[in-house]
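One structure is given here, and the rest of the page talks about it.
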Amino acid sequence: MKKLALHWQILIGMGAGVLFGVLAASLNWNQFVSDWIKPFGTIFINLLKLIAIPLIVASLIKGIADLQDISKLSKMGTRTIGIYLMTTTIAIILGLILVNIIQPGKWIEPSTQTELMEAYGGDASSRIAQAEAQKGRGPLQPLVDIVPDNIFGAATNNGNMLQVIFFVIFFGIGIILIPADKAKPLREFFDGLNEVVLKMIDIIMLGAPFGVFALLAALVVESPSADLFMALIGYGLCVLIGLGLLIFGFYPLLVKTFTGKNYRFFFNGISPAQLVAFSTSSSAATLPVTMERVEEHLGVDEEVGSFVLPIGATINMDGTSLYQAVAAVFIAQAFGMELTLGTQLGIILTALLASIGSAAVPGAGMVMLVIVLGQAGIPEAGLALIFAVDRPLDMCRTVANVTSDATVSMLVAKSMDKLHDPHVKDWDDFYPKNRLQQTTEVEK
Ligand code: ASP
């Protein structure tokens with residue numbers, strides 16, 4: 001029998017977890033669930049947290065070192081990265097605006113918030129104490145805090161991820177600047193390391209159906225209030241509205257304004273890549289399709305497409321960054337924490353960095369959310385709250401990530417006078433059936 005796709009397995013795990021939780025609550029098995037089911041959910045979250053630092057190191061160093069041609073292609077490079085950073089920042093700000101307007105976390109009763117804080121925010125009180133202790137420090141202290149004095153020291157605490165990212169970017173720049181023959185073994189090493197870490201995430205994701213089962217069962221048993229589920233729906237809607245505005249409003253508008261190409265042309269060209277992104281939840285897996293669509297159907301010159309798109313798949317994740325901003329604020333709201341404007345501005349920076357550091361694979365955005373939470377002083381265990389709805393949101397945010405890459409490649413191509421009329425105009429030409437017919441005709 002064909003194996004069920006992972007997202008179905010996870011959905012089944014989620015459904016079974018909720019059912020089991022409801023059953024357990026009605027049979028008064030709460031203690032059993034806490035003792036025997038919940039620990040597996042905790043193990044799953046720990047695995048995700050465990051992989052975060054190796055993931056940043058491997059994927060960010062590889063991403064930066066891949067920019068080796070930046071001197072040759074410095075014009076294209078600066079434009080690409082500039083526009084990528086711009087679209088990502090806009091996505092994060094949009095997410096923050098939405099979550100502050102809709103405030104889904106506030107739909108949770110204060111009593112449930114306190115319960116959640118007690119259940120998940122174990123380390124929160126010590127964090128509040130830490131925050132108090134920091135008050136007397138100078139205004140530039142956050143900047144000083146980004147620069148670690150010892151990389152091993154920084155790497156021992158997930159709350160110090162910005163320090164690790166600082167070191168990794170610095171290291172990547174070093175790799176670009178040394179002679180290619182000296183850099184080669186390092187590049188190969190980090191390529192290999194990246195593969196291994198991605199494989200480890202694959203393996204962790206195999207346990208995801210069981211992990212979500214345990215997490216959801218524990219969630220239902222521990223806080224059986226309906227308001228929590230309503231709040232989760234509100235949170236999901238916030239993310240979806242934000243992604244929808246990006247995919248159907250912001251990107252086509254950018255394309256129209258800067259290249260003159262209309263809505264229909266853009267979606268006819270890019271939609272197959274969007275569908276693949278939706279079903280694989282991975283921009284990396286979608287990359288070959290994205291490149292084909294952008295170069296053959298949207299008219300981007302191969303020289304531009306082959307440079308802009310692979311970099312985009314690694315560092316440009318608008319959907320992921322929007323989701324991280326919404327999720328961080330939602331979790332804080334759910335715990336009844338007030339986030340200051342300063343903290344929210346900090347989230348813009350960390351979500352930008354965290355999305356750059358997220359690998360283009362399923363679930364990576366949630367792993368990197370740990371950084372955003374850690375840096376904003378929000379209990380990381382709050383991940384458990386949003387895990388239940390993560391997969392469908394991952395599918396949708398990957399669509400935004402891929403659409404953004406395609407948009408930026410069109411803008412860069414236009415600015416370099418490398419946007420042509422597409423080779424293939426007809427949507428039907430995409431279908432392999434027609435391709436097959438064409439080949440057979442040629443062969444004949
Ligand atoms: N799955 C996303 C992608 O590949 C990354 C994430 O947000 O988890 O683009």
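For ligands, and for the atoms within them, numbers begin at 1 and follow the listed sequence.
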Establish, yes or no, whether a centroid distance under 6.0 Å links the rings of F330 and Y323.
no

Suppose we measure from atom 2 (C) of ligand 1 to each protein heavy atom; which comes out shortest, and what is that distance?
T398 OG1, 3.3 Å

Going by the atom numbers of ligand 1, which of them fall below 4.0 Å from some non-hydrogen atom of G363?
8 (O)

Taking atom 4 (O) of ligand 1 as the reference point, the nearest protein heavy atom with its distance:
S283 N, 2.8 Å

Do D318 and Y84 get their side chains close enough for a donor-acceptor pair, meaning under 3.5 Å?
no

Below a 4.0 angstrom heavy-atom separation, can you tell me which part of D394, side chain or backbone, both or neither, approaches ligand 1?
side chain

Contact atoms of ligand 1, heavy-atom distance to S282 under 4.0 Å
4 (O)

Which atoms of ligand 1 are found less than 4.0 Å from any heavy atom of A364?
8 (O)

Do the side chains of E188 and K184 get close enough for a salt bridge, i.e. N-O under 4.0 angstrom?
yes

For T320, the ligand 1 atoms with a heavy-atom partner under 4.0 Å come out as 5 (C), 6 (C), 7 (O)

So, are K418 and E295 salt-bridged, with charged N and O less than 4.0 Å apart?
no

Before signing off on this row, confirm whether M317 and ligand 1 have an N or O atom pair separated by under 3.5 Å.
no

Using 30° and 60° as the class limits, which term best fits the ring planes of F267 and F248: parallel, tilted or perpendicular?
parallel

Using distance alone, decide if ligand 1 has a nitrogen or oxygen within less than 3.5 Å of any nitrogen or oxygen in G365.
yes

Within the 3.5 Å criterion, strictly below it, is a donor on S283 or D405 matched to an acceptor on the partner's side chain?
no

S281, portion touching ligand 1 at heavy-atom distance under 4.0 Å:
backbone

H297 versus N268, side-chain donor and acceptor atoms under 3.5 Å:
no

